[in-house]
Peer 1: 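Here's a structure for you.
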There are 2 protein chains.
Amino acid sequence: MSTTATPARTEARSKSEQAYEVLKDRITGGDLVAGYRLVLSSIADELGFSVVPVREAIRRLEAEGLVKFERNVGATVAGVDATLYLHTMQTLSVIEGAATALAAPLITAVDIDNARRLNAELRRCLEEFEPQRFTRINNELHAILYGHCPNPHILDLVHRGWNRLNAMRASSFDLVPGRARKSVEEHDQLIALIESRADVHEIEMAARAHRTATLNAYMAQHQQPASAI
Amino acid sequence: MSTTATPARTEARSKSEQAYEVLKDRITGGDLVAGYRLVLSSIADELGFSVVPVREAIRRLEAEGLVKFERNVGATVAGVDATLYLHTMQTLSVIEGAATALAAPLITAVDIDNARRLNAELRRCLEEFEPQRFTRINNELHAILYGHCPNPHILDLVHRGWNRLNAMRASSFDLVPGRARKSVEEHDQLIALIESRADVHEIEMAARAHRTATLNAYMAQHQQPASAI
DNA sequence: ATGTATGAAATCGTATACGATTCATCATGG
DNA sequence: CCATGATGAATCGTATACGATTTCATACAT
């Protein structure tokens with residue numbers, strides 16, 4: 001305690017980080033719709049900070065692709081352009097596929113159990129029609145599968161991809177009607193593959209295909225050509 | 001003189017960007033050795049700027065992994081830890097493989113010609129022993145192969161990966177003696193594969209293997225276990 | 001009526017100033 | 001002699017202030 005009253009805890013995160021967390025949560029949580037304009041002074045006032053840390057937070061969000069920043073004009077929440085969605089999904093298919101493959105050899109029996117439990121939850125969400133919950137559980141399930149990836153860079157890229165995707169409200173499954181059910185089945189196959197210690201390359205391709213299938217379903221519904229990889 | 005003499009050209013980049021460019025060039029150019037300490041006020045004085053834009057530039061470099069930043073302590077040029085090198089190479093192998101595969105169908109005959117010319121240059125660099133030039137030409141050659149990748153996210157990740165790698169002086173080939181010669185041969189095979197419009201998956205695996213081979217050579221020399229993917 | 005010039009308002013960009021934190025140094029007691 | 005706590009310098013974190021740029025509305029001329 002430096003002065004007397006307030007402990008001034010050294011572990012307290014900086015205001016830049018606080019602003020970053022708040023804005024990130026709002027964007028990925030869907031509170032801020034795409035195209036929403038982020039004005040530095042307004043946000044600063046609301047948070048009780050100065051504009052400087054807010055500015056830094058926004059630049060950081062820009063680097064992660066969650067907001068678009070134009071010089072001397074301002075920042076807006078990144079839009080959901082169809083091609084942007086395509087590119088994000090494609091990138092994530094590659095990265096998450098690799099992450100899942102790298103994590104597969106290190107997965108434990110407990111992880112497998114948890115994954116199966118979550119997938120059962122997903123089935124229940126389907127029956128009771130809880131899309132919100134479905135999306136959340138789906139995130140957790142995949143996080144288990146790629147979580148042991150020993151390469152922090154790749155892990156970081158996966159997280160960024162998921163963030164961007166979550167920011168695009170109507171998270172994949174709302175967009176394509178029949179997709180969710182198939183997705184759950186693919187989870188079963190993928191989990192079985194990992195459990196059996198299959199070839200890492202096979203696992204990678206399965207994980208990639210799982211995501212690419214969602215993408216293709218989306219593309220088919222929106223009548224656009226899908227590029228193969 | 002901002003009022004009358006100088007038109008105050010609107011195209012001038014902001015000081016943040018200028019600082020970013022300068023620092024990035026110094027780091028990737030090898031002028032700043034790993035571990036070098038970046039003090040805000042010193043850099044600001046040297047560039048004639050205030051600390052604010054310099055700070056922003058450094059945070060941006062941090063996001064790209066070129067500098068390490070510690071709160072209330074300062075920034076240092078990111079180190080060349082062996083495991084960091086491994087992780088960066090592994091990530092790049094995945095990303096660049098995908099980028100090359102996605103770009104392959106869009107490549108032109110001119111590109112193929114240029115690639116072959118550059119690879120011939122590489123051979124000459126080997127004979128005349130010009131490692132610096134080899135690294136530069138090698139960059140250009142790969143840039144041609146993945147350049148047409150239609151996914152800007154993936155392209156961006158590739159560039160970041162190369163930046164990080166370039167920042168690690170002793171760029172791969174100085175580290176492993178016999179590797180460069182084999183690398184040139186693999187280029188020939190990869191170019192032929194792309195020219196023949198081979199299966200994109202095959203191209204992806206070849207491009208990935210090309211980079212993984214460099215990584216494995218490095219690992220073998222440093223007696224560490226290589227993880228398979 | 002439409003296009004263009006002019007002005008004001010909004011917002012960003014940067015400089016300066018000061019408080020907060022970390023780290024090293026040194027004195028002090030065991 | 002070593003451990004521990006105080007003290008100071010170096011550096012980062014943020015607030016405030018002001019200048020620069022963009023944008024939009026308005027008035028004017030064609």
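For the numbers below, each heavy atom of this structure counts, side chains included, while hydrogens, waters and symmetry mates do not. The shown structure was predicted, so the numbers you read here are calculated from the model rather than taken from an experiment. Quick note on labels: first sequence line is chain A, next is B, and so on, each numbered from 1.
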Peer 1: Between C:dT14, D:dA15, D:dG13, which one does the side chain of B:Asn72 approach most closely?
Peer 2: D:dG13

Peer 1: Would you indicate, yes or no, if D:dA15 has its OP1 or OP2 atom less than 4.0 angstrom from a side-chain nitrogen or oxygen of A:Ser50?
Peer 2: yes

Peer 1: Check side chain to side chain donor-acceptor pair (under 3.5 Å) between A:Asp111 and all other residues, then give those that pass, not counting sequence neighbours.
Peer 2: A:Thr108, A:His148

Peer 1: Strictly by salt bridge (Lys or Arg N to Asp or Glu O under 4.0 Å), give each pair with a member in residues 145-164 of chain B just once, sequence neighbours left out.
Peer 2: B:Asp156-B:Arg160

Peer 1: Restricting both atoms to N or O, compile the protein contacts to nucleotides 7-10 of chain D shorter than 3.5 Å, with distance only.
Peer 2:
none

Peer 1: Classify the angle between the aromatic ring planes of A:His159 and A:Tyr146 as parallel (below 30°), tilted (30 to 60°) or perpendicular (above 60°).
Peer 2: perpendicular

Peer 1: Rounded to whole angstroms, how far apart are CZ on B:Arg55 and P on C:dA17?
Peer 2: 19 Å

Peer 1: Between D:dA15 atom C1' and A:Phe49 atom CZ, what is the distance in whole Å?
Peer 2: 13 Å

Peer 1: Expected output is a numbered-order residue list: members of residues 56-69 of chain B with a heavy atom under 4.0 Å from any atom of DNA chain C. What is it?
Peer 2: none

Peer 1: What is the ring orientation for B:His142 with B:His210, classed by angle as parallel under 30°, tilted 30 to 60°, or perpendicular over 60°?
Peer 2: parallel

Peer 1: So if I apply the side chain to side chain contact (heavy atoms under 4.5 Å, CB included) rule between B:Leu118 and each of B:Leu145, B:Asn138, B:Asn139, B:Ile137, which one comes out positive?
Peer 2: B:Ile137

Peer 1: Show, in sequence, the C-alpha distance, side-chain angles and deciding distance for B:Gln90 and A:Leu102, and conclude whether the side-chain contact (heavy atoms from CB on, under 4.5 Å) test is met.
Peer 2: CA-CA 10 Å; B:Gln90 193 176 48; A:Leu102 284 168; 3.5 Å; yes

Peer 1: Does B:Glu62 pair with B:Arg59 as a salt bridge, N-O distance under 4.0 Å?
Peer 2: yes

Peer 1: I need the residues from residues 38-45 of chain A with at least one non-hydrogen atom less than 4.0 Å from DNA chain C; give them sorted by number, or say none.
Peer 2: A:Leu38, A:Val39, A:Leu40

Peer 1: Assess, by modelled atom type and distance only, whether the side chains of B:Arg117 and B:Asn114 contain a donor and an acceptor separated by less than 3.5 Å.
Peer 2: yes

Peer 1: Rounded to whole angstrom units, what separation is found between the CZ atom of A:Arg13 and the P atom of D:dT14?
Peer 2: 12 Å

Peer 1: Tell me the side chain to side chain donor-acceptor pair (under 3.5 Å) pairs involving residues 30-47 of chain B, sequence neighbours left out?
Peer 2: B:Arg26-B:Glu46

Peer 1: For a quick check under 3.5 Å, do A:Arg179 and A:Thr214 share a side-chain donor-acceptor pair by atom type?
Peer 2: yes

Peer 1: Relative to the 5' end of DNA chain D, which residue comes earlier, B:Ala75 or A:Glu70, by the nucleotide with the nearest heavy atom?
Peer 2: B:Ala75

Peer 1: Scan side-chain atoms only and decide if B:Glu64 and B:Tyr20 contain a donor-acceptor pair under the 3.5 Å cut-off.
Peer 2: yes

Peer 1: Rounded to whole Å, how long is the line connecting atom CG of B:Leu47 with atom C1' of C:dA15?
Peer 2: 15 Å

Peer 1: How do A:Val73 and B:Gly74 order along DNA chain D: which one's closest nucleotide is nearer the 5' end?
Peer 2: B:Gly74

